[in-house]
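First the structure, in the form of structure tokens, and then the observations on it.
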There are 2 protein chains.
Amino acid sequence: MARILSGNRKQFIIEEAGQLFREKGYTAASMRDLAERVGVEAASLYNHIKSKDELLREICFRVAHEYVSHLSQTEQMEATYAEKVRALLRMHIAIITHDISAVSVANNEWKHLPEPYLSEFTHIRRDYERRFAALIQKGIEAGEFRPVNPKIALFTLLAAVRWVEIWYKPGREISPQTLERDIETILIHGLTQATAP
Amino acid sequence: MARILSGNRKQFIIEEAGQLFREKGYTAASMRDLAERVGVEAASLYNHIKSKDELLREICFRVAHEYVSHLSQTEQMEATYAEKVRALLRMHIAIITHDISAVSVANNEWKHLPEPYLSEFTHIRRDYERRFAALIQKGIEAGEFRPVNPKIALFTLLAAVRWVEIWYKPGREISPQTLERDIETILIHGLTQATAP
DNA sequence: GAGATAGGCAAACGCTTGTTAGTTTTGTGC
DNA sequence: GCACAAAACTAACAAGCGTTTGCCTATCTC
């Protein structure tokens with residue numbers, strides 16, 4: 001019985017797992033919960049996947065690689081550092097708004113990855129942060145950014161776009177465009193009006 | 001046998017629970033894990049507490065009430081809206097850096113509260129956000145802040161200080177003072193240098 | 001010193017967990 | 001309409017969960 005084309009069955013399970021893990025958390029979500037969503041008995045899931053943590057792995061690493069590949073593209077852009085940072089902020093918001101469950105799981109449930117995947121994941125993330133911070137550092141040196149600690153700036157930016165994942169629901173009163181514009185305004189130009197140079 | 005004064009025994013358990021829940025997550029942390037940290041068998045914990053979720057409740061609501069009481073004080077300050085918002089940002093950073101485990105649990109594990117506590121908690125938080133957003137709204141009307149969506153501004157600010165909880169460890173290379181100053185600079189004045197008014 | 005009490009312990013409870021084994025149903029190609 | 005494979009099912013497993021019970025022993029009170 002293949003109600004959905006056979007190759008897609010696993011992907012469907014991973015998608016449902018993403019939503020379930022986001023709602024209840026990885027540990028609190030049981031395979032029987034997942035099976036119910038998929039419309040099957042728990043044992044049947046194992047015809048398609050090897051284990052529960054394979055699901056977590058697939059989700060976390062897919063998201064991680066998406067972020068990294070966009071960062072690589074941005075690094076190679078011909079643009080000012082301010083433009084690169086703006087592009088990365090927009091990229092974050094775009095990925096979050098169109099793949100919210102997976103991003104949420106990758107952000108909040110990665111610590112339940114078993115070794116050696118946990119180490120690999122944190123390594124990828126640390127590398128991402130290091131490269132992003134380097135862009136900010138160079139922007140400061142070029143006089144484009146205020147002379148703040150680059151790590152603090154990095155995490156302030158990343159966190160500020162991360163809340164979108166916690167809070168955003170498609171079809172809410174605020175459009176992705178407004179979201180993007182206002183967050184960018186605050187982070188790049190500040191909340192307060194410029195009064196004196 | 002009271003190795004620690006009897007009244008403090010429960011508080012000690014709650015503190016250890018906070019650290020454990022932060023590290024492993026509420027669901028993944030077992031009472032046997034907690035017992036080991038406390039230096040006792042799991043059954044003995046029940047001489048001091050009623051249940052596992054009593055621990056979660058105590059942590060979440062203590063943090064919630066701390067935030068709310070500071071907000072009330074700030075609302076009554078005689079100051080500009082920009083000053084009030086800055087005061088709240090400093091307050092957030094201060095609470096996080098001196099009670100990091102509890103804040104982390106309240107931020108990340110609250111969804112495992114059983115009803116009716118879950119509803120009560122989300123109600124308190126929503127009320128907090130509403131009142132904070134009102135300050136930003138008035139700041140915009142007074143011309144102190146840029147004309148952005150107040151909700152977006154609110155969540156951008158809250159998220160930007162929340163990362164401190166995820167990342168901050170006491171005794172790291174960055175001092176709380178630098179932290180406070182740089183985050184405030186970015187959020188209030190923006191990352192980019194002002195070039196033209 | 002007697003009695004009360006607080007707080008520890010071992011053992012067990014009923015339940016849920018992820019996962020496996022073995023079997024049966026379903027869909028596909030000839 | 002038969003054979004093969006994919007994918008479902010039922011039943012069960014060992015382990016771990018939060019929690020209760022009953023008992024034992026230190027420590028404090030009078």
Side-chain angles (χ1 to χ4, degrees), chain A residues 1-60 105 109-115 117-118, chain B residues 1-60 105 109-115 117-118:
Chain A
M1 174 194 291
R3 291 188 300 185
I4 296 178
L5 285 182
S6 176
N8 295 36
R9 197 77 173 130
K10 182 172 179 178
Q11 278 311 308
F12 178 67
I13 291 171
I14 294 174
E15 254 176 59
E16 291 295 318
Q19 291 178 32
L20 181 65
F21 293 169
R22 180 182 186 221
E23 283 170 28
K24 307 188 64 165
Y26 175 73
T27 314
S30 76
M31 294 303 277
R32 287 164 180 86
D33 289 339
L34 177 58
E36 194 176 14
R37 269 177 183 262
V38 175
V40 108
E41 290 298 315
S44 305
L45 295 172
Y46 289 86
N47 287 321
H48 305 277
I49 59 157
K50 285 194 202 50
S51 64
K52 187 186 182 186
D53 51 65
E54 184 195 357
L55 293 168
L56 184 60
R57 269 182 351 241
E58 295 259 4
I59 295 167
C60 288
V105 171
E109 309 296 332
W110 58 268
K111 66 175 143 187
H112 298 112
L113 285 167
E115 293 290 1
Y117 305 101
L118 178 60
Chain B
M1 176 192 291
R3 291 189 300 183
I4 296 177
L5 285 183
S6 176
N8 294 36
R9 197 79 173 128
K10 182 173 180 179
Q11 279 311 308
F12 178 67
I13 291 171
I14 294 173
E15 254 175 62
E16 292 295 318
Q19 291 178 31
L20 181 65
F21 293 168
R22 180 182 185 218
E23 283 169 29
K24 306 188 66 166
Y26 176 73
T27 314
S30 75
M31 294 301 278
R32 288 167 177 85
D33 289 338
L34 177 58
E36 194 176 13
R37 269 177 185 262
V38 175
V40 109
E41 290 299 315
S44 305
L45 295 172
Y46 290 85
N47 287 321
H48 305 278
I49 59 156
K50 286 195 200 51
S51 64
K52 186 186 182 187
D53 51 65
E54 184 196 356
L55 293 168
L56 184 60
R57 269 181 355 239
E58 295 259 5
I59 295 167
C60 289
V105 171
E109 309 295 333
W110 57 268
K111 66 175 144 187
H112 299 111
L113 284 168
E115 291 288 2
Y117 305 101
L118 178 60

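A note on names: the letters A, B, ... follow the listed sequences, proteins ahead of strands, and every chain is numbered from 1. All values derive from a computational prediction rather than experimental measurement.
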Looking only at non-hydrogen atoms, find the nearest pair between C60(B) and V105(B) and report the distance.
-> SG-O, 4.4 Å

Is N47(A) side chain donor-acceptor paired with the dA8(D) base, going by distance under 3.5 Å alone?
-> yes

Donor-acceptor contact below 3.5 Å, side chain K24(B) vs main chain S30(B) | no

Closest non-hydrogen atom pair, D33(A) against A28(A) = OD2-O, 4.0 Å

Hey, can you tell me if Y26(B) and H112(B) have their rings parallel, tilted or perpendicular (30° and 60° cut-offs)?
-> parallel

Mind calculating the distance between CD (E41(B)) and P (dA12(C)) to the nearest angstrom?
-> 15 Å

Length of the line joining E54(B):CD and dT19(D):P, which is rounded to integer Å | 10 Å

For dA8(D), does either OP1 or OP2 sit under 4.0 Å from a side-chain N or O belonging to R9(A)?
-> yes

Taken to the nearest whole Å, CD1/I49(B) to C1'/dT20(D) is 14 Å

Can you sort out the partners of E23(A) under side chain to side chain donor-acceptor pair (under 3.5 Å), two or more places apart, ordered by chain and number?
-> R37(A)

Any side-chain N or O of H48(B) under 4.0 Å from OP1/OP2 of dA6(C)?
-> no

Contact pattern, 5' to 3', of nucleotides 15-21 of chain C - B, S or - by protein heavy atom under 4.0 Å | --BBBBB

Go through the steps for L118(B) and E115(B) under the test side chain to side chain contact (heavy atoms under 4.5 Å, CB included), then give the verdict.
-> CA-CA 5 Å; L118(B) 178 60; E115(B) 291 288 2; 3.7 Å; yes

Write down the distance between CG (L34(B)) and P (dC17(D)), rounded to a whole number of angstrom.
-> 12 Å

Is any side-chain nitrogen or oxygen of S44(B) closer than 4.0 Å to OP1 or OP2 of dG7(C)?
-> no

Quick one: H112(B) NE2 to dC17(D) P, roughly how many Å, whole number?
-> 15 Å

Mind calculating the distance between CG (N8(B)) and C1' (dA6(C)) to the nearest angstrom?
-> 15 Å

